[in-house]
Amino acid sequence: MGRKDRRARRRGTAPFVLPPFKLIPMIPLKVKLIDQDHRPVVTDTVFGLKGNRPFGHATINDLGEFSTQVPKTIKLDGYQVWHNDGEGPQVTPVIEQRDSLILHVIVPLTPPGASPK
């Protein structure tokens, strides 16, 4: 028994064998997020929804695009967008295009006196 093996178990405990488990197949999800003027939205976080459960959480790049993976076994009900990494309001986007998925959101204006992030 090597040094690493001795650190892995406490004295007097029996070895544990992890039972076999099945991994769920995943599919890629590539999305672009645009605002009311069809410009990329870059300060948001997006995830897919199935019921109230989020799937495929991702942060958007400078082009308003993100990619993630979701379980192949589910069909997403919709999407949610959080402005400014969860500090801003939550928005439900409209699917503008399905084949190359494009989500359209209305970007809230910064309130008077507040500084944009």
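Only a predicted model underlies this, so the values are computations on that prediction, with no experimental measurement involved.
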Pairing residues for K30 by the salt bridge (Lys or Arg N to Asp or Glu O under 4.0 Å) criterion, not counting sequence neighbours
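K30 satisfies salt bridge (Lys or Arg N to Asp or Glu O under 4.0 Å) with no residue once adjacent residues are dropped.
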Please tabulate, one pair per line, all N/O donor-acceptor pairs under 3.5 Å involving side-chain atoms of residues 63-75, not counting sequence neighbours.
none

Close side-chain approach of [X] to [Y], heavy-atom, < 4.5 Å:
| X | Y | result |
| --- | --- | --- |
| L101 | Y79 | yes |
| V105 | L33 | yes |
| V94 | L103 | no |
| L49 | T92 | no |

Which pairs pass salt bridge (Lys or Arg N to Asp or Glu O under 4.0 Å) with one or both residues in residues 12-25, sequence neighbours excluded?
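Qualifying pairs, neighbours excluded: none.
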Pairs involving residues 33-42, ordered by first then second residue, that meet salt bridge (Lys or Arg N to Asp or Glu O under 4.0 Å) (sequence neighbours left out)
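Pairs touching residues 33-42 that pass the test: D35-R39, D37-R39.
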For the atom pair CZ (R53) and CG (D77), what is the distance rounded to the nearest 0.5 Å?
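Rounded to the nearest 0.5 Å, the CZ-CG separation comes out at 12.5 Å.
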List in chain and number order the residues that pass side-chain contact (heavy atoms from CB on, under 4.5 Å) with L23, two or more places apart in sequence or in another chain; answer none if no residue qualifies.
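L23: side-chain contact (heavy atoms from CB on, under 4.5 Å) contacts with F21.
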Identify, with sequence neighbours excluded, every residue that meets side-chain contact (heavy atoms from CB on, under 4.5 Å) alongside E96.
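Once residues adjacent in sequence are excluded, the partners of E96 under the side-chain contact (heavy atoms from CB on, under 4.5 Å) criterion are I34, H38, I102, H104.
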Other than M26, which residues form its hydrophobic cluster under the rule that side-chain heavy atoms must be closer than 4.5 Å?
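Members besides M26: none; it forms no cluster.
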